[in-house]
Amino acid sequence: MDAKQLYEMLRTMQEPKGYYFNRDNDLVFDLLNSLLFNKDRYGYMACPCRLASGDRQKDEDIICPCIYRTPDIEQYGSCYCGLYVSKDWNEAKGEATYVPERRPPEKMLL
Amino acid sequence: MLLLYNEDDRKRGIKMHPPVKVYTLSTCSHCKATKRFLNECAVKFEFLDVDLLTSEERVAIIEEVKRINKECSFPTIIIGEKVIIGHKEREIREVLGL
(Lines give C-alpha, C1' and ligand atoms only; values in the text may rest on other atoms or scores of the structure.)
Protein backbone atom coordinates (compact mmCIF):
# COMPACT_ATOMS: atom_id res chain seq x y z
CA MET A 1 0.00 0.00 0.00
CA ASP A 2 1.27 3.50 -0.76
CA ALA A 3 0.57 6.75 1.07
CA LYS A 4 -2.12 7.80 -1.40
CA GLN A 5 -4.05 4.56 -0.92
CA LEU A 6 -3.64 4.85 2.85
CA TYR A 7 -4.90 8.44 2.69
CA GLU A 8 -8.07 7.44 0.86
CA MET A 9 -8.70 4.44 3.08
CA LEU A 10 -8.29 6.39 6.32
CA ARG A 11 -10.18 9.43 5.10
CA THR A 12 -13.18 7.28 4.23
CA MET A 13 -13.07 5.62 7.65
CA GLN A 14 -12.28 8.62 9.85
CA GLU A 15 -14.20 11.56 8.41
CA PRO A 16 -17.64 10.12 9.23
CA LYS A 17 -16.41 9.86 12.85
CA GLY A 18 -15.47 13.55 12.88
CA TYR A 19 -11.70 13.13 12.49
CA TYR A 20 -10.24 15.02 9.55
CA PHE A 21 -6.78 15.07 8.05
CA ASN A 22 -4.85 18.24 8.73
CA ARG A 23 -5.31 20.82 5.96
CA ASP A 24 -1.50 20.79 5.54
CA ASN A 25 -1.22 18.12 2.87
CA ASP A 26 2.58 17.94 2.95
CA LEU A 27 2.48 17.25 6.68
CA VAL A 28 -0.21 14.60 6.21
CA PHE A 29 1.68 12.75 3.49
CA ASP A 30 4.91 12.92 5.43
CA LEU A 31 3.16 11.37 8.43
CA LEU A 32 1.42 8.74 6.30
CA ASN A 33 4.79 7.74 4.84
CA SER A 34 6.16 7.52 8.38
CA LEU A 35 3.25 5.29 9.37
CA LEU A 36 4.04 3.00 6.44
CA PHE A 37 7.71 3.04 7.45
CA ASN A 38 6.73 2.02 11.00
CA LYS A 39 4.44 -0.70 9.65
CA ASP A 40 7.40 -2.00 7.73
CA ARG A 41 9.90 -1.91 10.62
CA TYR A 42 7.62 -2.80 13.56
CA GLY A 43 4.76 -4.64 11.88
CA TYR A 44 2.17 -2.08 12.99
CA MET A 45 1.54 1.60 12.45
CA ALA A 46 3.01 3.06 15.62
CA CYS A 47 2.62 6.80 16.13
CA PRO A 48 5.48 8.46 14.20
CA CYS A 49 5.92 11.11 16.91
CA ARG A 50 6.51 8.69 19.77
CA LEU A 51 9.25 6.22 20.49
CA ALA A 52 7.81 2.76 19.88
CA SER A 53 9.17 -0.32 21.61
CA GLY A 54 8.71 -2.65 18.69
CA ASP A 55 6.40 -4.82 20.84
CA ARG A 56 2.83 -4.51 19.65
CA GLN A 57 1.30 -5.21 23.07
CA LYS A 58 3.36 -2.55 24.82
CA ASP A 59 2.57 -0.05 22.09
CA GLU A 60 -1.14 -0.81 21.83
CA ASP A 61 -2.06 2.69 23.05
CA ILE A 62 0.06 4.44 20.41
CA ILE A 63 -1.00 2.49 17.34
CA CYS A 64 -2.46 5.11 15.05
CA PRO A 65 -5.10 6.35 15.64
CA CYS A 66 -3.82 6.34 19.21
CA ILE A 67 -6.09 6.26 22.24
CA TYR A 68 -5.08 9.84 23.04
CA ARG A 69 -6.47 11.22 19.79
CA THR A 70 -10.01 11.74 21.07
CA PRO A 71 -9.15 13.70 24.25
CA ASP A 72 -6.47 15.68 22.36
CA ILE A 73 -8.87 16.69 19.61
CA GLU A 74 -11.55 17.54 22.19
CA GLN A 75 -9.12 19.74 24.12
CA TYR A 76 -6.79 21.13 21.44
CA GLY A 77 -8.54 20.44 18.13
CA SER A 78 -5.56 18.37 16.98
CA CYS A 79 -3.96 15.04 17.80
CA TYR A 80 -0.42 14.92 19.18
CA CYS A 81 1.18 14.53 15.72
CA GLY A 82 -1.16 16.91 13.93
CA LEU A 83 -2.29 14.21 11.50
CA TYR A 84 -5.92 14.31 12.64
CA VAL A 85 -7.77 17.48 13.53
CA SER A 86 -11.35 18.58 14.03
CA LYS A 87 -13.31 20.22 11.23
CA ASP A 88 -13.31 23.49 13.21
CA TRP A 89 -9.54 23.40 13.61
CA ASN A 90 -9.07 23.01 9.86
CA GLU A 91 -11.41 25.88 9.16
CA ALA A 92 -9.94 28.19 11.81
CA LYS A 93 -6.63 28.57 9.91
CA GLY A 94 -4.82 29.45 13.08
CA GLU A 95 -1.21 28.76 14.00
CA ALA A 96 -0.04 25.18 14.44
CA THR A 97 -1.23 23.93 17.82
CA TYR A 98 1.24 22.62 20.37
CA VAL A 99 -0.29 19.49 21.87
CA PRO A 100 1.52 18.26 24.98
CA GLU A 101 2.25 14.57 25.44
CA ARG A 102 -0.70 12.88 27.12
CA ARG A 103 0.77 9.39 27.21
CA PRO A 104 1.90 8.59 30.78
CA PRO A 105 5.72 8.16 30.82
CA GLU A 106 5.44 4.76 32.49
CA LYS A 107 3.69 3.47 29.38
CA MET A 108 6.92 3.82 27.45
CA LEU A 109 8.29 0.34 27.93
CA LEU A 110 11.35 -0.62 26.00
CA MET B 1 29.67 28.64 26.68
CA LEU B 2 30.38 28.80 22.96
CA LEU B 3 31.40 25.62 21.30
CA LEU B 4 31.76 24.25 17.79
CA TYR B 5 32.04 27.68 16.23
CA ASN B 6 34.80 28.52 13.84
CA GLU B 7 35.81 30.88 11.07
CA ASP B 8 34.26 28.62 8.47
CA ASP B 9 30.90 28.86 10.25
CA ARG B 10 31.12 32.64 10.31
CA LYS B 11 31.75 32.71 6.56
CA ARG B 12 28.74 30.46 5.99
CA GLY B 13 26.51 32.85 7.90
CA ILE B 14 26.15 30.60 10.96
CA LYS B 15 25.64 32.76 14.02
CA MET B 16 27.35 32.36 17.36
CA HIS B 17 25.12 30.76 19.97
CA PRO B 18 25.25 28.33 22.87
CA PRO B 19 25.57 24.66 21.85
CA VAL B 20 22.32 23.18 20.57
CA LYS B 21 21.51 19.50 20.89
CA VAL B 22 18.21 17.97 19.82
CA TYR B 23 16.90 14.50 20.65
CA THR B 24 14.62 13.53 17.79
CA LEU B 25 12.77 10.70 16.08
CA SER B 26 13.39 10.17 12.38
CA THR B 27 9.65 9.89 11.69
CA CYS B 28 8.34 12.70 13.89
CA SER B 29 6.78 15.72 12.18
CA HIS B 30 7.62 18.08 15.07
CA CYS B 31 11.23 16.90 15.12
CA LYS B 32 11.51 17.50 11.37
CA ALA B 33 10.01 20.97 11.84
CA THR B 34 12.62 21.78 14.51
CA LYS B 35 15.50 20.58 12.33
CA ARG B 36 14.15 22.58 9.39
CA PHE B 37 13.68 25.67 11.53
CA LEU B 38 17.21 25.53 12.96
CA ASN B 39 18.65 25.05 9.49
CA GLU B 40 16.63 27.98 8.13
CA CYS B 41 17.92 30.13 10.99
CA ALA B 42 21.51 29.03 10.22
CA VAL B 43 21.86 27.56 13.69
CA LYS B 44 24.49 24.87 14.06
CA PHE B 45 23.11 21.91 16.00
CA GLU B 46 23.65 18.28 16.81
CA PHE B 47 20.76 15.85 16.68
CA LEU B 48 20.19 12.24 17.56
CA ASP B 49 17.39 10.19 15.98
CA VAL B 50 16.69 7.97 18.97
CA ASP B 51 14.49 5.50 17.06
CA LEU B 52 17.41 4.62 14.79
CA LEU B 53 19.72 3.56 17.64
CA THR B 54 20.39 -0.04 18.55
CA SER B 55 18.46 -1.24 21.62
CA GLU B 56 21.57 -1.02 23.85
CA GLU B 57 22.37 2.52 22.75
CA ARG B 58 18.76 3.48 23.10
CA VAL B 59 18.52 2.49 26.78
CA ALA B 60 21.38 4.81 27.70
CA ILE B 61 20.09 7.71 25.63
CA ILE B 62 16.56 7.38 27.01
CA GLU B 63 17.95 7.71 30.53
CA GLU B 64 19.77 10.82 29.36
CA VAL B 65 16.57 12.31 27.90
CA LYS B 66 14.48 11.38 30.96
CA ARG B 67 16.85 13.27 33.24
CA ILE B 68 15.87 16.50 31.49
CA ASN B 69 12.37 15.57 30.26
CA LYS B 70 10.61 12.95 32.35
CA GLU B 71 8.05 12.27 29.62
CA CYS B 72 10.85 11.48 27.19
CA SER B 73 8.97 13.15 24.37
CA PHE B 74 10.45 14.43 21.13
CA PRO B 75 11.91 16.77 20.15
CA THR B 76 13.76 17.55 23.37
CA ILE B 77 15.92 20.56 22.64
CA ILE B 78 18.87 21.65 24.74
CA ILE B 79 20.25 25.13 24.14
CA GLY B 80 23.11 25.83 26.49
CA GLU B 81 21.54 25.22 29.92
CA LYS B 82 17.95 25.65 28.73
CA VAL B 83 15.64 22.75 27.83
CA ILE B 84 12.72 23.18 25.44
CA ILE B 85 10.24 20.35 25.05
CA GLY B 86 8.45 20.20 21.72
CA HIS B 87 8.74 22.29 18.60
CA LYS B 88 8.17 25.76 20.07
CA GLU B 89 9.59 28.25 17.60
CA ARG B 90 8.97 31.31 19.73
CA GLU B 91 10.85 29.83 22.68
CA ILE B 92 13.70 28.64 20.49
CA ARG B 93 13.99 32.12 18.99
CA GLU B 94 13.99 33.74 22.42
CA VAL B 95 16.67 31.47 23.85
CA LEU B 96 18.87 31.85 20.78
CA GLY B 97 18.22 35.57 20.52
CA LEU B 98 16.96 35.27 16.94
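Lettering follows sequence order; numbering is per chain, from 1.
For B:Glu94, there are no salt bridge (charged side-chain N to carboxylate O under 4.0 Å, His left out) partners at least two apart in sequence or on another chain.
Heavy-atom pairs under 4.5 Å with chain B were tallied for A:Gly82, A:Cys81, A:Pro48; the largest tally goes to A:Pro48. Most heavy-atom pairs under 4.5 Å with chain A: of the set B:Cys31, B:Pro75, B:Ser29, this distinction falls to B:Ser29.
Proximity to chain A (any heavy atom under 4.5 Å) is shown, for B:Cys72, by both the backbone and the side chain. Contact annotation for A:Asn33: neither backbone nor side-chain heavy atoms come within less than 4.5 Å of a heavy atom of chain B.
With respect to the salt-bridge test (charged N to carboxylate O, under 4.0 angstrom), the residues A:Arg50 and A:Glu101 qualify.
Ring orientation note: the planes of B:His30 and A:Tyr80 are nearly perpendicular, at an angle over 60° on the 30°/60° scale.
Here the side chains of B:Phe37 and B:Arg93 are in contact, with some heavy-atom distance below 4.5 Å.
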